[in-house]
Amino acid sequence: MYNHKVVEKKWQEYWAKNHTFKTGNDPKKKNYYVLDMFPFPSGKGLHVGHPEGYTATDIVARMKRSEGYNVLHPMGWDAFGLPTEQYALQTGQDPAVVTKENIANFKRQLNTLGFSYDWDREVSTSDPKYYKWTQWTFEQMYKNGLAYEAEVPVNWSPDLGTVVANEDIVDGKTERGGYPIYRRNMKQWMLRITKYADRLLAGLDNLDWPENVKEMQRNWIGRSVGAQITFKIKDSDETFDVFSTRPDTLFGATYAVLAPENKLVQKITTDGHKEEVDAYIKQIESKSDLERTDLNKTKSGVFTGAYAINPVNNQKIPIWIADYVLGSYGTGAVMAVPAHDTRDYEFAQKFDLPIKAVIKGGDISKEAFTEDGPHIDSDFLNGLNVEEAKKKIVDWLEEHNAGKKKVNYKLRDWEFSRQRYWGEPIPVIHWEDGETTLVPEDELPLVLPHATDIKPSGTPESPLVNLKDWVNVVDKNGRKGKRETNTMPNWAGSSWYFLRYIDPHNDNKLADYELLKQWMPVDLYIGGAEHAVRHLLYARFWNMVLYDLGVVPNEEPFQRLYNQGLILKDHDKMSKSKGNVVNPDDVIEEYGADSLRMYEMFMGPLDASIDWDDNGPASTKKFLDRIWRLFVNDLDLKAIPQENVVEENDGTLDKVYNETVKKVTEDFDALHFNTAISQLMVFINAAQKAKTIPREYAEGFMTLIAPIAPHMMEEIWQIYGHDESITFAKWPTYDPSKLVESTVEIMVQVNGKLRGNFDAPKDADKDDLEKQALALPHVQKFLDGKEVKKVIIVPNKIVNIVAK
RNA sequence: GCCCCGAUGGCGGAAUUGGCAGACGCGCAGCGUUCAGGUCGCUGUUUAGGUAACUAAGUGAAAGUUCGAAUCUUUUUCGGGGCACCA
């Protein structure tokens, strides 16, 4: 009887000992790079969601090896990060030690699943040999003006003791922990990702990615085209710019609004309104972002007492401040056209500001009219529709030096500083004379010093500030300086790990250019949809920067991307607090890794979120046991092939075998594992009924299913007398001539309803088919008393008789 | 509020181009094996009527296009995901 505990261990040891999955480098073969999103090694270990994507890539990797490719299938660790630091803090441990333990546990678990990783290429983002190159890339960015320090409004989380990036905020709260965030001005390291906005947008078009992920990135980048318009302030030399996608409505601007944080506010507010304005600003500042959005269910704002001059008609319009105008987008100021913008309309209604229609259509006594129509009351724009008017007004603005065409993005520069300990030190020194320099390249890596007190400082400094010996430096001229104490976010290390796998031990370069050229871009990248924006946008940006530096050969790193779905329990996400977590260790113990792998692939489409069925692994185990009994005769001393597996082929299984080879090959390539497995079951059902099974077909079947259930297939392969691992067994091919039969079944319909069928030779004459169909007694019954109007014949499929 | 995706038996899901709806598996029922249970093998399983052949209905709902619709079009309901004052 098959014992998964013994056999799986046996082959896992065999693969490790023989380095079976060492990346091939045969120049005669083509290369294939199949990549998993590497995990964050948390203390909880793997849950059953991890193996889903990992099994999918493993199947593809094993299939490609069999098809004769050099395959790169690596694994590593996204090892820096806040959760480890918090856990270490709570339990009084060193994050480095915790990380090491967690990695060991993850690696053990991955190995019990039988994944075919090339462990000689393992990387960890917290390894100084690795983050040397994270720091090196940062320095290149700094030298090229892509990394800079700035006093910017940031998302401060007092609970996490650090700022977080815009990308890390969900529903106004931190993505990790769900803590409130507050706007606060802080000096931060920033990466100029906005410079790449257009390329990040354009590059999406040629990628084989899920459409929704592309759409999310497009929305995140948020490109919009409009005009920047300059307004003068009445009785003042000051001016301000607004951005608008609807410059054509300029004649309908009846007031202007500045963001409360706009610096101009203090300058222009008149004495009579100062108190009110200051009170409003103060109220806004004390609220978290979430409260601010709640607050804004109804509009709020105050008048500054100042007026702006509309450049197109020299009318004076009041300037208000309101927090529905964001300081961080566009120019932090808008011209308000209440007649044709719903937000401005709501505001004008509340504060009784004038509403002036400049486009015909709609009823502005009820709501804003935002659709297209001819312009009215707009001087030289009258009669034009929106598109024409936009062009004309931009020309006019440029002619009169009052504005210009402008493209704006929602994307903002990447906030790159974290006030925490467990991350890559930013390799920068601030000198007493105000100069800022990089740590020289030949001194990299700048190693994160060991620290015992890693409590967040609650200030813009990280816990590193307490390590005086490390922080304080003196140069050769006796000039004193302090090291940057902020660390990088853990998105840094994960933005380029796929490059390091290609040349993981290189001490002189991030990776060898020639090797990168051989392997990049990644052919297939599978991971969770939660990384649709952040990781995938950062990684594309990082790779583009390296591309511009001539370090990597491709602008886009991931050619084909796929998101696996979630595995649910009782129609809900698995989580410790709900107590519905399934541990893969338990499933492997009871049913074996092969059964778990197969079940997760058989559940349904890879990208669907599906409920975990507790007896799912039992059902795939049952199927695997059937395969074992069909092919293997267990004798007391030794297992041998079953005697009905023979050298001769009686032809019974020709069709189903060739169909199986075709369907499984195509389905694996398309990542349709659930239907591939059902076809493998169809073959076994047929083989079980057959008197004999040709050895060629038996072994071909083993090769097809080995990527899903590698342990058992290695064992059977060995029983069938092979000395080598099934890993490199040649992938079977099919004979198309065996797929078609000489006779086909023709379905007969009367008025579209199925009434009978008959067998006919393939590609039979249409007239014959019609005659035979009409002659069927059952069909005759339905034609009784009716006149045949028309007969439609689909060759080799259907005859439809239309009768009345 | 806006954008995207989806809805098929008791359950998970199959169904190239519009052409036999429900592959494959789970579950359930019956029979055999077994002292018994489990395993294993066989049979049945969309619903209604009928011993059966067969008939009728049937892919969230309503309408449409077509000889023919799970598949295409329109409207609508529900579910999931994303964005959310982005001017």
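Just so it is clear: chains get the letters A, B, ... in the order the sequence lines come, proteins before strands, and each one is counted from 1.
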If you pin A:S619 and A:G327 to their nearest nucleotides in RNA chain B, which one's is more 5'?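 Result of the comparison: A:S619.
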If you find the nucleotide of RNA chain B closest to A:N615 and the one closest to A:V802, which residue's nucleotide is nearer the 5' end?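 Its nearest nucleotide being more 5', the pick is A:N615.
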Should [N] form a Watson-Crick or G-U wobble pair with both distances under 3.5 Å, which nucleotide is its partner?
N	value
B:rG6	B:rC78
B:rA23	none
B:rG38	none
B:rU16	none
B:rC54	B:rG49
B:rA29	B:rU43
B:rU59	none
B:rA84	none

Base, sugar-phosphate alone, or nothing: which one does [X] contact when heavy atoms must sit under 4.0 Å apart?
X	value
A:V794	base
A:I792	base
A:F347	nothing
A:M747	base
A:V242	nothing
A:T620	nothing
A:E745	base
A:K753	sugar-phosphate
A:D611	nothing
A:R755	sugar-phosphate

Does a side chain donor of either A:S300 or A:Y280 reach within less than 3.5 Å of an acceptor in the other side chain?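 The criterion, which ignores hydrogens and geometry beyond distance, is satisfied for A:Y280 and A:S300.
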Would A:T230 and A:D241 count as having a side-chain donor-acceptor pair, cut-off 3.5 Å?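 Yes, side-chain donor-acceptor contact under 3.5 Å.
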Is a donor-acceptor contact shorter than 3.5 angstrom present between the side chain of [X] and the base of [N]?
X	N	result
A:Q749	B:rG19	yes
A:K797	B:rU17	yes
A:N800	B:rC67	yes

Please name the pair of heavy atoms, one in A:P311 and one in A:L250, separated by the smallest distance, quoted to 0.1 Å.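 Residues A:P311 and A:L250, closest heavy atoms: CG-CD2, 4.4 Å.
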Where the side chain of [X] is concerned, which of [options] is the nearest nucleotide?
X	options	value
A:R629	B:rG41, B:rA87, B:rC4	B:rG41
A:H778	B:rG12, B:rU55, B:rG82	B:rU55
A:K622	B:rC26, B:rA87, B:rA84	B:rC26
A:Q688	B:rG41, B:rC24, B:rA56	B:rG41
A:P605	B:rA56, B:rA14, B:rC67	B:rA14
A:D341	B:rC83, B:rC24, B:rA87	B:rA87

So, are [X] and [Y] salt-bridged, with charged N and O less than 4.0 Å apart?
X	Y	answer
A:E659	A:K738	no
A:D205	A:R218	yes
A:D198	A:R223	yes

Considering only the C1' atoms, how many Å lie between B:rU71 and B:rG19, rounded to the nearest integer?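 The same atom, C1', in both gives a distance of 11 Å.
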Same-atom distance (P) from B:rA84 to B:rU73, integer angstrom: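 The same atom, P, in both gives a distance of 30 Å.
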Indicate whether OP1 or OP2 belonging to B:rA87 is found under 4.0 Å from a side-chain N or O atom of A:Y324.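 Result: no.
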Determine if the base of B:rG9 is syn or anti; take syn to mean the glycosidic torsion is within 90° of 0.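 Nucleotide B:rG9 adopts syn.
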How long is the line joining NZ of A:K621 and C1' of B:rC26, in whole Å?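 So the NZ-C1' distance, A:K621 to B:rC26, works out to 17 Å.
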Specify whether A:F303 and A:W320 have parallel, tilted or perpendicular ring planes, treating 30° as the upper limit for parallel and 60° as the lower limit for perpendicular.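 Correct class here is tilted.
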